[in-house]
2 protein chains.
Amino acid sequence: MRIVVDAMGSDNAPSPEVEGAVKASLKLDVEVILVGDEALLRPALDTYPKRGNVRIVHASQAITMEDNPVMAVRKKKDASVLVGLRLVKNGEADAMISAGNTGAVHVASRTIVGPIRGVARSAIATILPTLGAPVLLLDMGANVDCAARHLIDFAEMGMVYAERVLGVERPRVALLNIGAEVLKGNEVAKAVHAKLTDAEHINFIGNIEPKRLYEGRADVVVCDGFVGNVFLKTSEGAAWVVSRLVARELKATLISMLGALLSRGAFKRIRRIRDPNEHPGAPLLGVKGVVIITHGGCNSKGVANAIKGAHRAVETNLIGHIRSGIEELRSERGVAQEAKT
Amino acid sequence: MRIVVDAMGSDNAPSPEVEGAVKASLKLDVEVILVGDEALLRPALDTYPKRGNVRIVHASQAITMEDNPVMAVRKKKDASVLVGLRLVKNGEADAMISAGNTGAVHVASRTIVGPIRGVARSAIATILPTLGAPVLLLDMGANVDCAARHLIDFAEMGMVYAERVLGVERPRVALLNIGAEVLKGNEVAKAVHAKLTDAEHINFIGNIEPKRLYEGRADVVVCDGFVGNVFLKTSEGAAWVVSRLVARELKATLISMLGALLSRGAFKRIRRIRDPNEHPGAPLLGVKGVVIITHGGCNSKGVANAIKGAHRAVETNLIGHIRSGIEELRSERGVAQEAKT
């Protein structure tokens with residue numbers, strides 16, 4: 001399996017990307033392709049004599065966090081993320097990961113790899129631990145401004161992902177909102193609620209508040225990408241501040257005791273909430289190729305985990321499942337609509 | 001001091017309101033006026049022989065969480081929240097607290113008590129603990145759909161509150177967003193960023209992400225009411241799940257040890273993040289009377305804390321400060337604009 005790493009994406013690029021690629025190459029049966037400025041990447045890579053199968057593909061440009069996504073994709077034709085996606089498009093690689101400008105990765109993926117038929121907007125899907133079963137959340141940041149109908153696409157893709165990849169039977173779909181009542185939320189949330197209630201092919205259980213989400217009361221939770229990203233970053237921030245406050249108060253000896261006890265189970269799960277580097281990256285659903293997003297502030301562990309996530313997505317045929325699942329839903333929906341008329 | 005409690009507002013009304021009123025009446029030098037269905041309130045109150053100065057004012061109707069705010073305020077003329085606000089308006093009470101339908105409390109407050117001149121939208125302001133100094137956040141849920149200019153009002157009110165009530169010199173104002181870069185966020189966030197950058201009378205330090213917020217990097221943070229409420233409920237949910245995961249893993253003996261240690265400092269602050277009943281309620285800024293909002297799922301402790309919050313707001317002349325502060329800012333801004341032309 002060949003996995004592209006956009007080596008120019010993260011805040012501290014290319015160090016985390018290069019080190020993460022080396023780490024992953026030693027653990028997984030993959031060829032990792034670092035895409036970026038060879039003059040930077042070659043010496044960085046040469047500092048790791050012990051490595052698996054890692055090679056470099058040169059790209060002369062890079063898209064920054066300050067770039068406007070649409071303009072950057074149009075003008076920076078030799079940007080690392082575009083070069084990497086072309087490798088995926090041409091079958092020279094099976095997946096790409098990027099910690100770069102999320103909007104640009106999104107636009108470039110739709111432009112180069114192409115959208116899955118019938119999906120108007122792609123969405124970043126994250127799996128989050130809860131007190132119950134893990135929950136699949138989307139969109140976590142690809143689309144910061146959404147119309148209600150886009151969230152129906154997200155619900156359908158999430159449903160297919162949960163059923164076919166995660167093995168959840170008849171997944172419970174909920175809408176992230178500030179109250180359980182039908183009328184709660186802003187204009188978009190209210191419109192989505194109405195549409196999801198009408199959609200007979202979706203097992204919609206209504207609005208869900210963050211605490212209920214963390215109780216594990218839903219399998220798939222949809223929201224627009226701005227709200228999703230606020231949710232994710234707030235969860236990380238709050239979990240982080242709680243950990244810090246606890247650590248501050250406890251004496252050093254008790255901390256190590258506590259650490260030893262917690263490291264077995266709870267602490268790992270808390271870290272999954274608190275530290276984005278513990279996440280296996282998040283797939284961009286809705287495009288015809290495996291594209292995994294990780295966060296701009298990632299370290300090498302975050303990159304290695306995202307490569308692992310890409311590896312798993314290819315192995316489980318994520319894209320094939322989403323494509324066929326969406327096609328089936330579309331035809332079912334077509335039949336249902338015809339029957340109604 | 002006389003404080004009205006809307007006794008029909010919370011999810012479990014009127015029990016938490018009645019018990020909370022009794023608790024607060026025993027601690028504070030106040031007369032608490034319970035407004036609601038006397039047939040329910042009288043027997044509930046009579047179960048507390050030991051109480052301070054608590055009386056009942058009858059209201060035959062109640063606004064529910066399912067009610068449309070504008071319609072309910074128009075039609076339910078004898079709803080508890082309207083009756084209570086009339087007492088404030090007529091000088092028969094100094095403040096009101098409510099755990100009811102936030103939208104309805106907001107609309108009713110602007111209709112009955114009236115808006116402060118120059119403030120187009122009111123905002124719910126919450127003080128949150130951080131690793132540094134506490135931060136003032138607004139809007140936490142009064143306006144779920146905002147235009148950019150409304151957030152400028154919020155920034156101004158927050159600045160005045162921080163300076164005059166909390167004693168913060170030259171408060172740092174930030175915009176809650178999903179990234180630090182100028183171009184981050186949805187359409188509203190980008191427009192607000194541009195407007196706040198242009199506003200010379202506001203010490204705007206840029207976008208802030210949740211983790212930085214919890215580090216205490218800003219004094220006043222603005223956002224629209226939907227995002228603010230998502231932020232608040234997500235913080236509570238994440239802090240709650242972390243506490244639960246820790247508690248689950250630790251053995252009972254260690255828990256009590258830990259509890260004893262933590263109860264001194266950290267645990268109190270975590271509880272302030274995790275449990276909304278620990279909050280002293282949140283004032284609705286922008287109206288000409290003290291209106292304190294607490295959450296629908298509150299218990300009697302939450303109600304008592306909100307009464308305490310109302311007491312403090314009256315004592316510190318919150319409304320007077322906001323009124324005169326906004327007037328001064330408006331005239332400064334007027335002068336600045338004239339100077340420019």
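Within every chain, numbering begins at 1; the chains are lettered A, B, ... in the order of the sequence lines, protein sequences first and strands thereafter.
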Under 4.5 Å from a heavy atom of chain A, the part of [X] involved:
X: B:Glu209; answer: side chain
X: B:Ile178; answer: both
X: B:Val182; answer: neither

Open item on the list: At a 4.5 Å cut-off on heavy atoms, which part of A:Ala180 comes close to chain B: side chain, backbone, both, or neither?
Closed with: neither

Below 4.5 Å, heavy-atom pairs only: which of [options] has the largest tally toward chain A?
options: B:Lys184, B:Glu236, B:Met65, B:Lys233; result: B:Lys233
options: B:Leu183, B:Leu131, B:Asn229; result: B:Leu131
options: B:Gly185, B:Gly141, B:Pro129; result: B:Gly185

TODO: Identify the residue among A:Leu128, A:Val173, A:Thr126, A:Leu137 that makes a side chain to side chain contact (heavy atoms under 4.5 Å, CB included) with A:Val221.
DONE: A:Leu137

Open item on the list: Would you say that B:Asn277 contacts B:Val303 through its side chain, given a criterion of any heavy-atom pair below 4.5 Å between the two side chains?
Closed with: no

Task: Student check: side-chain heavy atoms of A:Leu175 and A:Leu151 closer than 4.5 Å - done: yes

Open item on the list: With chain B as the partner, which of A:Val242, A:Val241, A:Thr130 has the greatest number of non-hydrogen pairs under 4.5 Å?
Closed with: A:Val241

TODO: Classify the ring geometry between B:Phe231 and B:Tyr214 as parallel (under 30°), tilted (30 to 60°) or perpendicular (over 60°).
DONE: parallel

Open item on the list: Tell me the closest heavy-atom pair linking B:Ala120 and B:Arg110, and the distance in Å.
Closed with: O-NH2, 3.0 Å

Task: Least distance between heavy atoms, A:Asp67 atom then A:Ala62 atom - done: OD2-O, 4.2 Å

